[in-house]
There are 2 protein chains.
Amino acid sequence: MIRIPHERSPQMKGIRQLAEHLDISIGTVSRALNGKADVNEETRKRVLAAAEEFGYVANQSGRSLRQGTTNVIGLMIESSKETVENSDNFFLGVTDGLQSVFSRHNLDLVMLPCPSDEDPYEYLKRMVARRVVDAMIISATQRIDKRIDLLVKAKIPFVALGRSSSGGNFTWIDLDFEGVATCAVDRLVSKGHRRIAIAAPSSEINLGYVFVDAYRKALEKHGIVYDPELVIRVKSSEQGGYRAGDELLQIKDRPTAIILIYELMAIGLYRRLVEAGIVPGRDLAVIGFREEPRARFLQPTLTCFRISLPDLGAALAETLLAGMPVYSEIYHDNAHSRIWPLKLVPAESDAFLMQPEA
Amino acid sequence: MIRIPHERSPQMKGIRQLAEHLDISIGTVSRALNGKADVNEETRKRVLAAAEEFGYVANQSGRSLRQGTTNVIGLMIESSKETVENSDNFFLGVTDGLQSVFSRHNLDLVMLPCPSDEDPYEYLKRMVARRVVDAMIISATQRIDKRIDLLVKAKIPFVALGRSSSGGNFTWIDLDFEGVATCAVDRLVSKGHRRIAIAAPSSEINLGYVFVDAYRKALEKHGIVYDPELVIRVKSSEQGGYRAGDELLQIKDRPTAIILIYELMAIGLYRRLVEAGIVPGRDLAVIGFREEPRARFLQPTLTCFRISLPDLGAALAETLLAGMPVYSEIYHDNAHSRIWPLKLVPAESDAFLMQPEA
DNA sequence: CCTAGTATCGTAAACGTTTACGGAAGGCGT
DNA sequence: ACGCCTTCCGTAAACGTTTACGATACTAGG
């Protein structure tokens with residue numbers, strides 16, 4: 001008696017049907033489609049034509065199961081309320097660069113949004129355990145980040161956008177906070193500023209730590225004593241900018257310049273300054289980090305630092321692939337962690353960076 | 001002779017190893033993990049404990065292959081340059097609502113970003129052909145959208161965010177453009193405005209078509225003749241707002257109010273108005289559609305319409321599931337297309353909506 | 001004609017899981 | 001003692017691919 005434990009759909013579109021129709025063995029069809037060498041060029045043509053005609057595409061589950069690889073790369077992002085409200089489409093920008101590299105190797109990119117009510121570590125753990133992706137790109141790395149230890153232990157290839165002190169050795173790409181901070185300070189000092197404030201997120205976040213540290217060193221290089229009072233810890237948002245303005249006004253011997261670690265803060269900052277009768281650019285010099293399209297409409301515009309999102313994405317992709325056995329020899333030039341430079345974009349007129357002595 | 005065509009990793013973490021360790025059959029382990037009824041409660045405890053200990057999670061490929069389902073829902077988004085620069089994190093906001101529903105059914109959400117240099121139709125075709133997702137959520141639907149025909153033909157369950165004239169019957173959720181336009185016009189008229197301009201995207205886009213149509217009807221309801229000159233077609237961006245300001249200034253018998261179809265346009269509009277010596281709110285009433293966090297810092301704030309992104313996401317998820325056989329009876333209440341209402345958010349002070357006759 | 005090599009293809013195992021089915025064991029009523 | 005029902009578990013097929021290996025046919029060299 002024949003048992004039919006699993007009823008199959010009547011019109012199944014599998015490689016089997018394709019093979020039957022062509023009257024070729026199923027193995028040959030597979031080899032033809034995958035570009036193997038030992039298949040007659042003429043039969044390959046027939047196979048490809050038939051596949052095109054029937055719209056056949058290999059089922060990913062079957063293929064993954066056999067090869068032990070999914071050909072999918074995951075980009076983990078967090079959808080916390082703060083991220084939703086305040087960050088721009090940073091990730092959408094990098095995905096384009098990622099895909100430009102991945103598509104050359106028939107790799108697909110999926111974004112994995114961690115729900116705001118779930119622990120990112122647990123979320124990542126679930127995703128890698130199910131083996132739905134071959135490799136991961138993680139971002140918003142913390143100074144100590146359990147996710148890194150997890151990926152290292154699970155031997156999942158990954159690259160991190162952002163440094164971390166966790167884990168042994170893994171590859172990362174991070175923005176050149178030191179370079180930006182140094183450049184900003186140098187520029188302000190060269191314009192005559194001595195009391196330079198900085199608005200940064202908590203030092204728990206890697207960015208908040210590294211950036212302020214570089215800011216301090218740059219100041220000391222110019223013989224300016226580091227004043228902790230000038231470090232304003234706020235959220236990286238417009239609201240944070242407004243609060244930074246608040247705190248700035250409280251400081252006695254008011255600073256003549258401020259560096260914003262997140263350019264969107266300028267929107268809130270400007271508002272608070274105007275409320276207090278202070279003209280941004282004239283009474284207070286402002287420099288923003290990471291150019292943000294929405295801030296281009298501020299009056300006056302502010303000097304900032306630009307980053308090419310697609311380029312960054314491509315670099316991330318190549319670095320990731322350099323760490324994967326199959327592609328390592330192709331991208332071995334990128335098999336190292338590195339700092340991503342940013343380009344200084346001076347405001348149209350630097351009038352707002354004038355001498356405070358005037 | 002035993003052949004070993006496929007070398008297996010020495011320390012394979014499969015259900016088989018788990019079963020051997022427990023000295024239970026592999027089938028029972030599977031049933032225990034999947035919560036089937038015919039398994040002793042005490043053995044189930046043992047299995048779950050061992051799985052937890054070894055960190056075992058079922059391989060998704062194997063499971064998908066067998067069940068013919070991936071338990072993954074795809075959310076297709078486009079990463080065109082315009083989207084990256086101008087839209088906010090709209091999708092990140094809705095993902096949270098989507099996940100809140102999906103997680104109840106062990107469904108995972110992945111975002112599928114269509115590269116800007118690839119045709120969205122071809123991209124979607126690839127994704128569904130590989131059968132990597134069980135269902136899709138598509139957005140930014142065009143008035144005629146080949147993607148819809150594709151999904152209908154492939155019998156992939158899907159829901160669209162946005163109406164379309166394509167395809168036979170499919171379910172969609174769309175924002176209540178008519179309601180918003182009507183409400184905005186009503187409100188302005190009640191304040192004494194008669195010449196009301198509107199800034200909208202091209203009528204090729206569904207939004208640009210429907211919204212302006214509702215605007216026209218609302219005007220006629222109040223006995224105001226529709227003046228095509230007052231319809232300003234611009235991009236949905238800050239830049240578009242600036243250009244809208246440009247065009248507005250060209251209009252003879254200048255309007256006293258303007259409705260922005262995208263609130264971010266207010267940033268550019270304000271700038272242009274200030275350049276021309278026109279005080280927004282005092283000399284020109286402004287209403288924005290779809291509240292945008294970044295515009296909250298404008299002076300003066302403007303009346304707008306609010307939408308709860310997570311709620312919208314949850315509604316999308318439930319509507320999608322209502323169309324899938326397995327879940328249809330649970331969510332049958334949502335098995336219909338519908339209009340998503342928005343809430344009017346008056347500006348702090350409505351002073352800017354004053355009588356133009358004053 | 002014989003043999004070795006090459007080009008091409010078919011065969012079947014294996015990937016990890018789920019699940020229909022059968023079977024064993026025990027309880028219970030007749 | 002027998003039959004029946006319930007509870008629980010093991011067996012093995014099946015999902016759709018890929019691929020190691022063997023088989024065949026043909027070519028070439030001797």
Side-chain angles (χ1 to χ4, degrees), chain A residues 1-20 22-47 51 54 56-71 106 129-132 134, chain B residues 1-20 22-47 51 54 56-71 106 129-132 134:
Chain A
M1 167 188 169
I2 298 176
R3 293 191 309 166
I4 309 180
H6 193 67
E7 55 184 334
R8 37 198 264 181
S9 76
Q11 194 244 10
M12 181 174 65
K13 289 276 194 178
I15 198 176
R16 202 130 40 202
Q17 276 61 32
L18 200 60
E20 284 179 7
L22 288 168
D23 203 39
I24 300 183
S25 96
I26 170 178
T28 304
V29 173
S30 174
R31 281 192 298 265
L33 290 173
N34 290 23
K36 301 291 178 182
D38 58 345
V39 48
N40 190 320
E41 211 48 48
E42 201 254 346
T43 48
R44 188 196 305 278
K45 285 235 200 297
R46 283 181 55 214
V47 172
F54 292 166
Y56 169 79
V57 178
N59 177 300
Q60 187 60 37
S61 299
R63 147 184 290 242
S64 298
L65 186 56
R66 172 57 218 241
Q67 328 195 101
T69 184
T70 65
N71 293 323
N106 277 4
R130 285 192 176 181
R131 304 228 169 272
V132 69
D134 287 343
Chain B
M1 168 189 166
I2 298 175
R3 295 190 307 167
I4 309 181
H6 192 70
E7 56 182 335
R8 37 198 263 182
S9 75
Q11 195 244 9
M12 180 176 64
K13 289 276 196 177
I15 197 176
R16 200 129 43 202
Q17 275 61 32
L18 200 59
E20 285 179 7
L22 288 168
D23 203 39
I24 301 183
S25 96
I26 170 178
T28 304
V29 174
S30 174
R31 280 192 298 267
L33 290 173
N34 291 22
K36 300 292 177 181
D38 59 346
V39 47
N40 189 317
E41 209 49 48
E42 201 256 344
T43 47
R44 188 196 303 279
K45 283 232 200 299
R46 282 181 57 212
V47 172
F54 292 167
Y56 168 80
V57 178
N59 178 301
Q60 187 59 37
S61 300
R63 147 184 290 243
S64 298
L65 185 55
R66 172 57 219 245
Q67 321 195 107
T69 184
T70 65
N71 293 324
N106 277 2
R130 285 192 175 180
R131 303 231 170 269
V132 69
D134 288 343

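Chain letters run A, B, ... following the sequence lines, proteins first, then strands; residues in each count from 1. Side chains included, hydrogens not; waters and symmetry mates left out as well; all remaining heavy atoms used.
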Check: Where do A:N40 and A:T43 come nearest, in terms of heavy atoms and distance?
Finding: O-OG1, 2.6 Å
Notebook entry, point to check: Think B:Q67 has a side-chain N or O under 4.0 angstrom from the OP1 or OP2 of C:dT19?
Noted result: yes
Notebook entry, point to check: Passes side-chain contact (heavy atoms from CB on, under 4.5 Å), A:V132 versus A:T70? Steps please.
Noted result: CA-CA 7 Å; A:V132 69; A:T70 65; 5.7 Å; no
Item checked: Separation of atom CD1 in A:I15 from atom P in C:dC15, rounded to whole Å -> 19 Å
Next item on the list: Return the value, rounded to whole Å, for the distance between atom CZ of B:R131 and atom C1' of D:dG16.
Entry: 12 Å
Note to self: If the condition is side-chain contact (heavy atoms from CB on, under 4.5 Å), which residues does A:T69 pass it with, not counting sequence neighbours?
What the structure shows: A:Q67, A:N71, A:D134
Check: Between atom CG in A:N71 and atom P in D:dG16, what is the gap in whole Å?
Finding: 19 Å
Item checked: Between P of D:dC15 and CD of A:Q60, the distance in whole Å -> 19 Å
Item checked: B:K36 side-chain proximity, nearest of D:dT17, D:dT18, C:dT19 -> C:dT19
Next item on the list: Using five base pairs at each end, measure the axis-to-axis angle across the helix from C:dC1-D:dG30 to C:dT30-D:dA1 and round it to 10 degrees.
Entry: 60°
Check: Can you list the residues that meet the side-chain contact (heavy atoms from CB on, under 4.5 Å) rule with B:R130, with sequence neighbours excluded?
Finding: A:V57, A:Q60, A:D108
Checklist line | Closest contact, heavy atoms only, A:S64 versus B:S61 | finding: CB-OG, 3.1 Å
Margin query: Is there a side-chain contact between B:S30 and the phosphate of C:dT18, meaning an N or O under 4.0 Å from OP1 or OP2?
Written below: yes
Item checked: Contact under 4.0 Å: B:N59 side-chain N or O vs C:dC15 OP1/OP2 -> no
Notebook entry, point to check: Between the base of D:dT18 and the side chain of A:R66, is there a donor-acceptor distance below 3.5 Å?
Noted result: yes
Next item on the list: Rounded off to whole Å, could you give me the CZ-to-C1' distance for the A:R130 and C:dT17 pair?
Entry: 13 Å
Could you list the protein-to-nucleotides 7-10 of chain C atom pairs, N/O on both sides, closer than 3.5 Å?
residue: C:dC9; atom: OP1; partner: A:T43; partner atom: OG1; Å: 3.3
residue: C:dC9; atom: OP2; partner: A:N40; partner atom: N; Å: 2.7
residue: C:dC9; atom: OP2; partner: A:T43; partner atom: OG1; Å: 3.3
residue: C:dC9; atom: N4; partner: A:D38; partner atom: OD2; Å: 3.4
residue: C:dG10; atom: OP1; partner: A:S25; partner atom: N; Å: 3.4
residue: C:dG10; atom: OP2; partner: A:S25; partner atom: N; Å: 2.8
residue: C:dG10; atom: OP2; partner: A:S25; partner atom: OG; Å: 2.9
residue: C:dG10; atom: OP2; partner: A:T28; partner atom: OG1; Å: 2.7
residue: C:dG10; atom: N7; partner: A:R31; partner atom: NH2; Å: 3.0
residue: C:dG10; atom: O6; partner: A:R31; partner atom: NH1; Å: 3.0

Next item on the list: Output yes when at least one side-chain N/O atom of B:R63 is less than 4.0 Å from OP1 or OP2 of C:dG16, else no.
Entry: no
Notebook entry, point to check: B:L65 has an atom CG; how far is it from atom P of D:dA13, in whole Å?
Noted result: 16 Å
Item checked: Set of residues satisfying side-chain contact (heavy atoms from CB on, under 4.5 Å) with respect to A:D38, sequence neighbours excluded -> A:R31, A:K36
Notebook entry, point to check: Tell me: CG of B:N34 to C1' of C:dT19, nearest whole Å?
Noted result: 10 Å
Check: Can you list the residues that meet the salt bridge (Lys or Arg N to Asp or Glu O under 4.0 Å) rule with A:R44, with sequence neighbours excluded?
Finding: A:E41
Notebook entry, point to check: B:L33 and B:A51: which non-hydrogen atoms are nearest, and at how many Å?
Noted result: CD2-CB, 4.0 Å
Next item on the list: Report yes or no: does A:R63 contribute a side-chain atom to a donor-acceptor pair with the main-chain N or O of A:A58 at less than 3.5 Å?
Entry: no
